[in-house]
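Some notes on the structure that comes next.
Throughout, a chain's letter reflects where its sequence line sits, starting with A, and its residues are numbered from 1.
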Amino acid sequence: MKEDFDKHITEYAVLLMFALVMGTMFYYFRYNHQVLVFLTVVCSFAYALWGIIHHKLEGRLTKLIAAEYILFGFLVFFLLYIVLNFV
Amino acid sequence: MSVLKSRRKKEVVKDWRKENRAIEKYQFVYHFLPHPEEKRRATLLSHKAIILYCAAMLVIAGIFRLLPTMMPGVLGYASDISVKDLLTYTNIQRKENGLSELRLNESLTSAAHAKAEDMFKNQYWAHVSPGGTEPWDFILGQDYDYIYAGENLAKNFNKSKDVVEAWMKSPSHRENLLSSNYDEIGFAVVNGVMDGYETTLVVQMFGRPRNAAQIASVYEEESLLEKEASSSAAVTQREETAGTETGQEAEQGPVYTPAPPAEPLVDVTTATKSVSAVFGGFVGTLLALDVWHSRRKGLRKFTGHTAAHIGVLLLVIASIWFVLTPGIVL
């Protein structure tokens, strides 16, 4: 795990930076629901994309792994959307 | 040791052959833990399971949308907003921006109440009613002769501070709140049922009277605040009394009451946050179990990064609980 982390530190740093930026933007736009829905879509899409690119660079991208990241992207979207729909 | 283990294994296999249920029990564990031979995640983390969770959340969201049309007032937004706090936070913002404090005016307060009640009665959420009534009509209806006037609206909030903060974050509302054109202000915090959801509407009306001598005094403001506080208490008491009376038919039409804290049967914000936390937490826990069990057993699976999934889920749950707050401004 540590080896993998050291090898792909740039990709993990990108993911961490993205998470921090998204967290900050969520806080800043917490009263603007349209922006929040947009950020939710961006967040889900970006995570799926990150996973696919990361595995492609690792040379172990398969259809199943791509599907896994896309499904987790959807899960993230629905987790946020169900709350956003009623705030 | 290994002899003992293999003997035990044989016994287990013998048991399985005798009793099918034992095999089922053994397989059941792999709904929650990664499978050592098939080298895959727990069944409850399979692609089908994730699709099922997404579908379940969609169904729950649909129920939360449909329920208010069938049983109005069951779902709603809990709130504890007071005119006094709204006035205090508004004036704090003005003071911080080098502006004079606004004085609470009785006519503007009545106009704000009339507007809130009209919104509940005609079931709309807008500055101009479906019949074309503008905010100024409510102000003029209270014989408030103004040079400048303005209106800010808010609904579904649960704290006074959040309402003012949300207005400050929106450029047009901020402009009203920090305008040097106004001397007086009026608030209405009214509970009622809007689109089937029990909610609290907040109406904020600003004005500068044509005659400067008409600006409300400190005494008038204090007596207005006292009146507001006592009317909330009276409404709470009235509701309690009504609750004990039986055999009397409830009056039809929109229900609206001024100011006491709104406590719907089911707070829709807490309910949806809980649904998200349950699904997110369940998947997160299974992923954590996956990491723990795979390390313990030295399993190597050909899947995506479990740690990345856990990190993203944690961030999402934290955002839901600590960042997302209910409330819309207009």
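In this structure, the portions of A:L64 lying under 4.5 Å from any heavy atom of chain B include both its backbone and its side chain. Using a 4.5 Å cut-off between heavy atoms, B:R41 touches chain A through its side chain atoms alone. No part of B:V329 comes within reach of chain A, as not one of its non-hydrogen atoms sits under 4.5 angstrom from that chain. When heavy atoms are compared at a cutoff of 4.5 Å, A:L36 approaches chain B solely by way of its side chain, counted from C-beta outward. Neither the backbone nor the side chain of B:F322 comes within less than 4.5 Å of any heavy atom of chain A. At a 4.5 Å heavy-atom cutoff, the contact between A:L79 and chain B is made by backbone and side-chain atoms alike. Of the atoms belonging to A:T62, it is side-chain heavy atoms, and not backbone ones, that fall under 4.5 Å from chain B. Residue A:F29: no heavy atom, backbone or side chain, is found under 4.5 Å from chain B.
Contact count versus chain B (heavy atoms, under 4.5 Å) is highest, among A:H33, A:M22, A:R60, for A:R60. Of the listed residues (B:A308, B:G280, B:S170, B:G311), the one with the most heavy-atom contacts under 4.5 Å to chain A is B:A308. Heavy-atom pairs under 4.5 Å with chain A peak, among B:L315, B:T325, B:V268, at B:T325. With chain A as the partner, the residue from B:I317, B:I320, B:L313 showing the most heavy-atom pairs under 4.5 Å is B:I320.
The minimum heavy-atom distance between B:H47 and A:A67, with the atom names listed, is CE1-CB, 3.7 Å. Minimum heavy-atom separation, A:L75 to B:M57: CD1-CE, 3.8 Å. Nearest approach of B:D162 to A:Y31, heavy atoms of both residues: OD1-OH, 3.2 Å.
B:H309 and A:Y47 have perpendicular rings, their planes meeting at more than 60° on a 0 to 90° scale where under 30° would count as parallel. Using cut-offs of 30° and 60° for the angle between ring planes, the B:H305 and A:W50 rings count as tilted.
Within a 6.0 Å radius of OH in A:Y28, other residues, nucleotides and ligands contribute 12 heavy atoms or fewer. With a 6.0 Å radius and a threshold of 12 heavy atoms from other residues, nucleotides or ligands, A:F77 has its CZ atom above the threshold. Counting heavy atoms of neighbouring residues, nucleotides and ligands inside a 6.0 Å radius, atom NZ of B:K169 exceeds 12 of them. Within a 6.0 Å radius of CE in B:M70, other residues, nucleotides and ligands contribute more than 12 heavy atoms.
Rounding to the nearest 0.5 Å gives a distance of 12.5 Å between OG1 of B:T272 and OH of A:Y81. To the nearest 0.5 Å, atoms CD (A:Q34) and CD1 (B:I328) are separated by 9.5 Å.
Of the possible polar contacts, one joining the B:Y77 side chain to the A:F86 backbone as a donor-acceptor pair under 3.5 Å is found. Between the side chain of A:R30 and the backbone N or O of B:A166, no donor-acceptor pair lies under 3.5 Å.
When side chains are defined from C-beta on, A:F78 does not count as touching B:Y53, because their heavy atoms never get closer than 4.5 Å. In this structure the side chain of A:F74 never reaches within 4.5 angstrom of the side chain of B:I50, judged on heavy atoms. Side-chain contact between B:L324 and A:F26 is present, with at least one heavy-atom pair separated by less than 4.5 Å. With contacts defined as side-chain heavy-atom distances shorter than 4.5 Å, the pair B:L287/A:F72 qualifies.
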Inset, instruction - Could you give me the CA-CA distance, side-chain angles and deciding distance for A:N85 and B:R65, then say whether side chain to side chain contact (heavy atoms under 4.5 Å, CB included) is met? - result: CA-CA 9 Å; A:N85 217 353; B:R65 276 270 166 249; 3.4 Å; yes
